[in-house]
Amino acid sequence: MRLTRLAAARFRNLEPFDRKIGTSFVVLHGPNAQGKTNVLEAVYLLATLKPLRARRPRDLVRWGDEAAWVQALVTSKGAERKLRVVLEGSRRRAEVDGKTASLDAYFEWARAIAFVPSDTGIVTGEPARRRNWVDRAAFTAHPAHLEAVKRYKRALDQKAAALRANVADAVLDAIDDGLAESGARLVERRTALVEEISPHVRAIHTMLAAERGALALHYRTQAVGDSVAARSNALRGRLADARKGERQRRMVLVGPHLDDVEVALEDRSARAWGSQGQVRSVVLALKLAEMVAASRRGGDMPLFLVDDIGSELDRDRKRRLVEVLRELEAQVFLTTTDPEHLVDLPKGDTEFVRIEGGKLY
Amino acid sequence: MAEAPPQDPIRRAARQLARFPGIGEKTATRLVYWLLRAPQGTAAEMAEALVALKDGVRECSVCCDLTAVRPNETRCAVCANGSRDTRTIVVVEHPQDVGAFEKSGEFRGLYHVLHGAISPLDGVGPDTLRIRPLLERLRDGHVQELVLATDPDVEGDATALYLARLLAGIPVKVTRLAHGLPVGAEIEYADAASLARALENRRPV
């Protein structure tokens, strides 16, 4: 996927703009709090329909205004499309070529993966961060994953409500049957994604970190088995064992909402590492491997967005990151306060955009 | 909520119509203006039909589907029809679902309407549903097969699983409606989740 033109109005603090883009690397630079991350927000919203750093979509509308829009010309799979996202109050509308599009239809044309400073939490933070990463990566590569996530979430909410209401065992049994089934489907998908992505993570990490030691991912779950049916059985057994405790604590104590992805470098858990540089290399490898997995569906590479590259990576890692990105043939949007440090970007294929006071120069 | 006494009749009517699900204030106002232009008596006909609705409709004494009140008949037209196959029952959540099956003309058996699905989030449990009348119907052993046609969502599945467990001791065949691709639709236009499920449920040809 390539963005060849980007425009926005009433978006955050940005002055309305409409700009052609002709390069693989786009560097958004300028002093802090002038709007460079907001341009990145605009690109991310277009490609994922989600905010990047803002909490809610409505926070993306300029203060005091009712509605904002972002639009872009993209080329993907040899065709050109006009994508447009309109934010109105808490509502969001996605359009392809001027017509409101379903999510399925929209995401045919738009995909992006971002690397922001807080992403180091994927390695060092709580298991929930890693589960979210897996679900996001699985969705980018296989859109049907979203349905599996939503269904398990709904089954989990029903189970929690059933425990609060202290319903009869016969009802809990039926709810557990469904919970085990939807949980098993989710685990099967997550496991498949981790297996699909692992070799890419290892290869990219080796290129980025230039360190010895193989990086390994392992999905940890109680829903063990080599098929959905076997996983469902395993989960169902665990749920039966946990019934008494779940009734007492009125919480669902078993299931993929408690799973984890182990990230290990030569058998040491990555969470225990000391070096921030090491952690960043690993997270970058995860994100870039996600790009590869995503591009294998439909053969189109997502956009890659990096917020605040200066603070994130040392010189060597930056150089190797650029090498990997060029090899992937991804279009890349970066923000930084000092563009002078990005000497390794390809001269003829990089555009520098200065942002000051909400204006693009 | 107390009704504000003297009120603009247009706004008052619009407010009433806007109580319908799926009808917003704008649509309601459009309907009111349409009524004002409609021939004399239109509104009265409508009002009369709406008032007669509740008293004119009851639950069928056998399948619990909604049916018109008729003298000397407590059953719905399907249950009262002597030519249906009384050995097969399709179990659905809502009366509208019966309509969908009937419109297809493909099913000659009987129905049972649960009036909902198990959903602890909405406070709906088995006792709220018409499950006891269903068990009554199975008591004499005449019914051979029960087709669970609840919706393929979390609540519909929980309801089907609950019934399957409940009926485990009764000598009746229990089946669940299959799900996959809509027939006549082109695969190109199927959504990813439906395609995934259809693939999973593939079968040898």
Side-chain angles (χ1 to χ4, degrees), chain A residues 101-108 138-186 188-189 192 227-229 232 236 239 250 252 297-298, chain B residues 24 91 93 114 116-129 131-132 134-135 148 150-170 174 176-182 185-202:
Chain A
S102 69
L103 293 187
D104 267 355
Y106 190 86
F107 286 125
E108 279 227 18
F139 168 69
T140 314
H142 313 279
H145 187 78
L146 183 63
E147 185 57 34
V149 172
K150 279 188 182 164
R151 201 175 171 98
Y152 180 69
K153 172 80 169 52
R154 179 78 185 170
L156 198 59
D157 289 347
Q158 287 287 12
K159 169 79 183 272
L163 288 172
R164 283 195 301 275
N166 209 10
V167 302
D169 269 325
V171 177
L172 270 189
D173 285 344
I175 288 175
D176 278 353
D177 287 347
L179 191 65
E181 163 98 20
S182 58
R185 274 178 212 286
L186 182 59
E188 182 80 1
R189 287 183 160 279
S227 66
V228 171
S232 180
R236 190 63 189 82
L239 282 164
R250 301 191 169 205
V252 187
R297 177 181 76 98
Chain B
V91 181
E93 289 181 22
L114 296 170
I118 293 175
S119 174
L121 282 170
D122 303 303
V124 178
D127 301 341
T128 328
L129 306 175
I131 291 176
R132 216 161 291 155
L134 176 63
L135 298 180
L148 303 178
T150 49
D151 291 343
D153 55 14
V154 168
E155 296 73 23
D157 272 356
T159 308
L161 291 163
Y162 177 83
L163 288 174
R165 280 175 173 272
L166 190 67
L167 300 166
I170 298 176
V174 180
R176 177 94 169 100
L177 218 58
H179 39 215
L181 286 178
E186 286 169 53
I187 285 187
E188 186 187 348
Y189 296 112
D191 65 281
S194 299
L195 262 180
R197 195 50 83 90
L199 250 173
E200 196 180 307
N201 294 336
R202 69 188 183 275

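Throughout, protein chains are lettered first and strands after them, A, B, ... in sequence-line order, and every chain is numbered starting at 1.
- Note that CD of A:Glu147 and CG of B:Leu195 are 12.5 Å apart. Values are rounded to the nearest 0.5 Å.
- Taking A:Val167 as the reference, A:Ala162, A:Ala165, A:Val171, A:Leu172 meet the side-chain contact (heavy atoms from CB on, under 4.5 Å) condition, with sequence neighbours excluded.
- For chain A, the option among B:Arg197, B:Glu155, B:Arg165 with the highest count of heavy-atom pairs below 4.5 Å is B:Arg165.
- Taking every heavy atom of both residues into account, A:Ile175 and B:Pro120 meet most closely at CD1-CG, 3.6 Å.
- Checked for salt-bridge contact, A:Arg151 and B:Asp157 meet the test: a charged N lies under 4.0 Å from a carboxylate O.
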What pairs of donor and acceptor atoms, side-chain ones from residues 178-185 of chain A against any protein atom, are under 3.5 angstrom apart with sequence neighbours left out?
| from | atom 1 | to | atom 2 | distance (Å) |
| --- | --- | --- | --- | --- |
| A:Glu181 | OE2 | A:Arg185 | NE | 3.4 |
| A:Glu181 | OE2 | A:Arg185 | NH2 | 2.3 |
| A:Ser182 | OG | A:Gly178 | O | 3.1 |
| A:Ser182 | OG | A:Leu179 | O | 3.3 |
| A:Arg185 | NH1 | B:Glu200 | OE1 | 2.5 |
| A:Arg185 | NH1 | B:Glu200 | OE2 | 2.1 |
| A:Arg185 | NH2 | B:Glu200 | OE2 | 3.1 |

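- Proximity to chain B (any heavy atom under 4.5 Å) is restricted, for A:Asp104, to the side chain, taken from C-beta onward.
- Contact count versus chain B (heavy atoms, under 4.5 Å) is highest, among A:Ala155, A:Ala105, A:Ala168, A:Ser102, for A:Ala155.
- Residues A:Arg154 and B:Leu121 meet the side-chain proximity criterion, which asks for heavy atoms closer than 4.5 Å.
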